[in-house]
Amino acid sequence: MKYDFANIEKKWQDKWEEAGIFHASEDHSKPKFYGLVEFPYPSGAGMHVGHIKAYSGLEVVSRKRRMQGYNVLFPIGFDAYGLPTENYAIKTGMHPRLVTDKNIEKFTSQLKRVGFSFDWTRVVDTTEEGYYKWTQWIFRKMFDAGLVFRATTLVNYCPVCKVVLSNEDSQGGKCDICHNDIVQKSKDVWYLRITEYADKLLQGLEKVDYLPNVKLQQENWIGRSEGAFVNFALTNCDETLRIYTTRCDTMFGATFMVIAPEHPIIEKYADRIANIDELNAYKEECAKKTEFERTQLVKDKTGVCIKGIAAINPATGKEIPIYISDYVMMGYGTGAIMAVPAHDERDYDFAKKFGIEIIEVIKGGNIEEAAYTGDGEMVNSAFLNGIKTKKEAIAKMLEYLGEKGIGEKGVQYKMKDWAFNRQRYWGEPIPIIHCPKCGMVGVPYEELPLRLPNMENFAPGEGGESPLAKIESYVNCTCPKCGGAAKRETDTMPQWAGSSWYFLRYTDAHNENALADPENLKYWMPVDWYNGGMEHVTRHMIYSRFWHRFLYDIGEVPVEEPYAKRTAQGLILGPDGEKMSKSKGNVVDPNDVVDEYGADVLRVYTLFMGDYASAAPWSENSVKGCKRFLDRVASLPDMVKGSGVTPKLETSFHKTIKKVSQDIEEMKFNTAIAAMMSLVNDITECGSLTKDELVSFIGILCPFAPHLCEEIWEILGGEGFLSASAWPTYDEAKTVDSEVEIAVQICGKVRGTITIAVDAAQADVIAKAKADEKIAAQLAGKQIVKEIYIPGKILNIVAK
RNA sequence: GCGGGUAUGGCGGAAUUGGCAGACGCACAGGAUUUAGGAUCCUGCGGGAAACCGUGCAGGUUCGACCCCUGUUACCCGCACCA
């Protein structure tokens, strides 16, 4: 047949759409499969070949599942709130709504050109009222549950985007969006109390099937640590200084203390501190340092000793000095530590620089040289002396602290509460009203959605306040509780909000009375398989697991964990081996590939280019190789002779069907395609195949190259759609060759090969090997020591 | 610094998990066909005349190691003064 891919692809896309064969059904009696891919942010640049690879994986799995008789939900949508759109709108004067609509349209047409089997009746757009109503609804539920709070803190502020950023969005001291330097600023910030869910999020990982490195990254992100809180008595003060430590066993070695520069005790006892000016100067200096400077100066410790207040080491009873230093941070633990220079590297560096006493309490290292952090025998530690393990010493010390009532076991997390607001326009309005009498009051549920008002100038105000603050009719309102005059919150939610529950909405995308019908949730959840990028396994996945777990706790969803399985695809690099980026000019546009080679080639290539989970560079030549493969497939109908089985090809067919079936489950798409290429080579060599064989071949190729396969199916007179027909089966017995060639080794080196029956007896195999000329020559004059035969694989004769 | 991962032809990558290393594809070379080919079809393709040598490097275990163990180097990805 002629492989006119452009017409073939259009023809089948139209037919699929018309017949609606990829729509998930609400027949809940059938077994279901919910495959989820990360919905795209509809940027102005359009799609990227990376998107294609990201979706192609589960596309193949979903198509296979349908052919296996599952009711498949494979949805798509758009995570459309966000800064790039807003910034573009500010620059061009075009309303973000229009920009978003235009971009979604572009993405939709690109996705459809590739022939993805998404259920287009369930598209979710996070900026639609019908959707963000429920985003706000969930927020309100969290507010009711006490998981929302407001606090004045130093925040990461981007002076360019004029927006407050979460810690996650400002890593490395650079803005995640514009990559400019971030400054610290004091602001009122909305927080979601995600730390309350730290343990639940950690425990939830035990029940799910995530790639090991995905799980590990989440564990590290949550960062649970077990230790102790201890209260140190102070001189010249009525209160104690509370610290957190994981090494209370080393307390006898604590020769000083360190508190964060922002620690409140300084201000509180300013009048008793002799060098308060010096401390304040240091504090100011620290505030000016960028994140970058701080991390660069890790080894070069700075600090100031507090004069006028000291601490008492509760183990030794000795007075020890207190320093302020920026190597201790207010945001972790209590903002204060006991410093044990002999057994902590940071404390060691500090003590060396400031000439503080270093007392060894664990044997094993050389404290003249460096801090020793390993295990060993306790010394200089009174009642701990002689103990040989950390674990035992910690237990004993905890007992002592408990008896004296000055300390107890404690747990800390690295994860911080989630800064949940942006002073920007293009986001979900936060449904809260500030009443001078009642305080913060939630917008009543029946008034949701709280609509994002239309406006002309959505540039943020100079002070960084939300553009919504400029609309008086929006800001001024009445308190739902007392009916008095009140002001509406003008901040909006961060981009992560909409993507924190979109997978629930897909199960019932148009429901006006609930986020989704409970019956639908019960049937479809959890997501059976979620695939996406590694860059989303911490932030997006942790946030969405948190929201989902909250919804479970209040009885809104039926399962604890939203994602039963999580995998991740590798990046597609540019032809130069570098990460694709506009500035490098190495971006490949999927449209160009579809124009020149067809959508089927694009799909096959993105899956064939290498291990699905690894990064691989784009190669135009390899794309051509995939085109050649499909050209050869297109010529197979011309080689059909008769029906039934071609004896020479029978085993190849059964083997290939088996391999492709298994490889798809393990995301080994590259080897699945390689196996199908091999089969085509076998068929070409053979010269012909039967109609039945071709039908089974296009069956297994269909998830990869559906347009071409449908076309061949039609030529062969198939009824309905190949995509809706049954997945080819194989006979295990026929995947095994009756005869195999095995290698014969002499002393571990291959000296020849012999062909034997698969089930040949060892004695026969050895006899046949010895009869082989080459083998006999090698064995001549030698004495056989040992003969090892691994059935069907190898024969090794050890001889001297 | 800590944690995780990777290392195989000129290139992308395979290898039933301890059993013929280099499947499949690309590139390259030779041939056929063609007015022509950047189209198609054959053939060859790790190195070496060969004996042999070859999975980052050095050892070890084993009849047998890309695979397991010890040490080492390089690169990639997370986290990063987390007490």
Side-chain angles (χ1 to χ4, degrees), chain A residues 171-172 212-221 223-225 227-228 243-248 250 254 257-258 260 291 294-295 297-301 325-329 331-340 343-347 349-350 412-416 534-535 537-538 570-571 573 577 604-605 608-611 613-626 628-629 631-632 635 659 662 668 670-681 684 741-753 785-799:
Chain A
Q171 284 177 23
N213 55 336
V214 170
K215 231 181 230 192
L216 196 73
Q217 274 196 37
Q218 294 199 11
E219 280 166 6
N220 289 344
W221 189 266
R224 184 189 155 96
S225 112
I243 61 117
Y244 176 71
T245 178
T246 54
R247 296 296 306 271
C248 65
T250 62
M257 300 190 80
V258 185
E291 189 85 14
R294 285 187 63 170
T295 50
L297 298 171
V298 167
K299 281 280 162 192
D300 191 17
K301 298 277 183 291
S325 173
D326 65 352
Y327 84 89
V328 171
M329 278 149 303
Y332 185 80
T334 60
I337 63 160
M338 66 172 199
V340 185
H343 305 289
D344 181 285
E345 281 174 39
R346 296 152 299 174
D347 300 344
D349 292 342
F350 193 88
Q412 278 293 302
Y413 300 93
K414 287 187 199 171
M415 188 167 68
K416 309 262 194 328
M534 278 309 289
E535 69 275 23
V537 306
T538 46
L571 284 178
L573 305 173
V604 169
Y605 175 63
F608 181 65
M609 59 194 301
D611 173 28
S614 307
W618 184 267
S619 158
E620 174 104 17
N621 276 326
S622 294
V623 177
K624 286 178 189 164
C626 293
R628 277 201 271 274
F629 167 56
D631 283 339
R632 297 177 73 192
S635 71
K659 178 145 185 69
Q662 288 178 346
K668 290 164 81 173
N670 54 338
T671 51
I673 294 167
M676 290 187 280
M677 287 172 166
S678 283
L679 180 59
V680 171
N681 290 346
T684 309
E741 191 182 69
I742 65 159
V744 182
Q745 299 181 327
I746 311 289
C747 297
K749 288 195 161 56
V750 179
R751 297 301 183 186
T753 57
V785 180
K786 207 171 175 184
E787 287 158 334
I788 298 145
Y789 176 58
I790 308 297
K793 288 187 174 162
I794 207 159
L795 173 65
N796 189 9
I797 301 171
V798 186

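Here is how names work: the chains are called A, B, and so on, in the same order as the sequence lines, proteins then strands, and each is numbered from 1. Worth knowing before you read on, the calculation uses all heavy atoms, side chains too, and leaves out hydrogens, waters and symmetry mates. Every value quoted in this text rests on a predicted model; they were computed, and no experiment measured them.
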Please work out if [X] contacts a base, only the sugar-phosphate, or nothing of the nucleic acid, heavy-atom cut-off 4.0 Å.
{"X": "A/K624", "answer": "nothing"}
{"X": "A/D611", "answer": "sugar-phosphate"}
{"X": "A/I790", "answer": "base"}
{"X": "A/F608", "answer": "base"}
{"X": "A/Q412", "answer": "nothing"}
{"X": "A/A615", "answer": "sugar-phosphate"}
{"X": "A/Q217", "answer": "sugar-phosphate"}

message: So if I take every side-chain heavy atom of A/M329 and compare against B/rC24, B/rA21, B/rA83, which nucleotide ends up nearest?
response: B/rA83
message: Quick check for you: among B/rC41, B/rC81, B/rC20, whose closest atom lies nearest to any side-chain atom of A/D326?
response: B/rC81
Just confirming the chi classification of [N], syn or anti, using 90° around 0 as the syn window.
{"N": "B/rG64", "result": "anti"}
{"N": "B/rA14", "result": "anti"}
{"N": "B/rU17", "result": "syn"}

Please determine, for [N], whether a Watson-Crick or G-U wobble partner exists with both distances under 3.5 Å, and give it or none.
{"N": "B/rG10", "answer": "B/rC26"}
{"N": "B/rA36", "answer": "none"}
{"N": "B/rC41", "answer": "B/rG31"}
{"N": "B/rG3", "answer": "B/rC77"}

- prompt: Rounding to a whole Å, what distance do you find between A/K786:NZ and B/rG64:P?
  reply: 9 Å
- line: Between CZ of A/R224 and P of B/rG3 the distance, given in whole Å, is 20 Å
Establish, with yes or no, whether the OP1 or OP2 oxygen of [N] is under 4.0 angstrom from a side-chain nitrogen or oxygen of [X].
{"X": "A/R628", "N": "B/rC26", "result": "yes"}
{"X": "A/K668", "N": "B/rA15", "result": "yes"}
{"X": "A/N681", "N": "B/rG25", "result": "yes"}
{"X": "A/N670", "N": "B/rG13", "result": "no"}
{"X": "A/R751", "N": "B/rC52", "result": "yes"}
{"X": "A/Y332", "N": "B/rA83", "result": "yes"}

query: Is there a side chain to side chain contact (heavy atoms under 4.5 Å, CB included) between A/Q412 and A/T246 once you walk through the steps?
result: CA-CA 10 Å; A/Q412 278 293 302; A/T246 54; over 6 Å; no
message: Suppose we call a contact any N or O donor and acceptor under 3.5 Å apart; does that hold for the side chain of A/N796 and the base of B/rC63?
response: yes
- prompt: What about A/K301: does its side chain form a donor-acceptor pair under 3.5 Å with the base of B/rC81?
  reply: yes
message: So A/V537 and A/W221, do their side chains get closer than 4.5 Å, heavy atoms only?
response: no
field: Contact check, side chains of A/I797 and A/E787, non-hydrogen atoms, under 4.5 Å
entry: yes
- prompt: Who are the salt bridge (charged side-chain N to carboxylate O under 4.0 Å, His left out) partners of A/R628, not counting sequence neighbours?
  reply: none
Test side chain to side chain contact (heavy atoms under 4.5 Å, CB included) applied to A/M257 and A/I243, step by step: CA-CA 9 Å; A/M257 300 190 80; A/I243 61 117; 3.4 Å; yes
task: Measure from NZ or CZ of A/K301 to the centre of the six-membered ring of A/Y327, then state whether that distance is under 6.0 Å and the direction lies within 45° of the axis.
output: yes
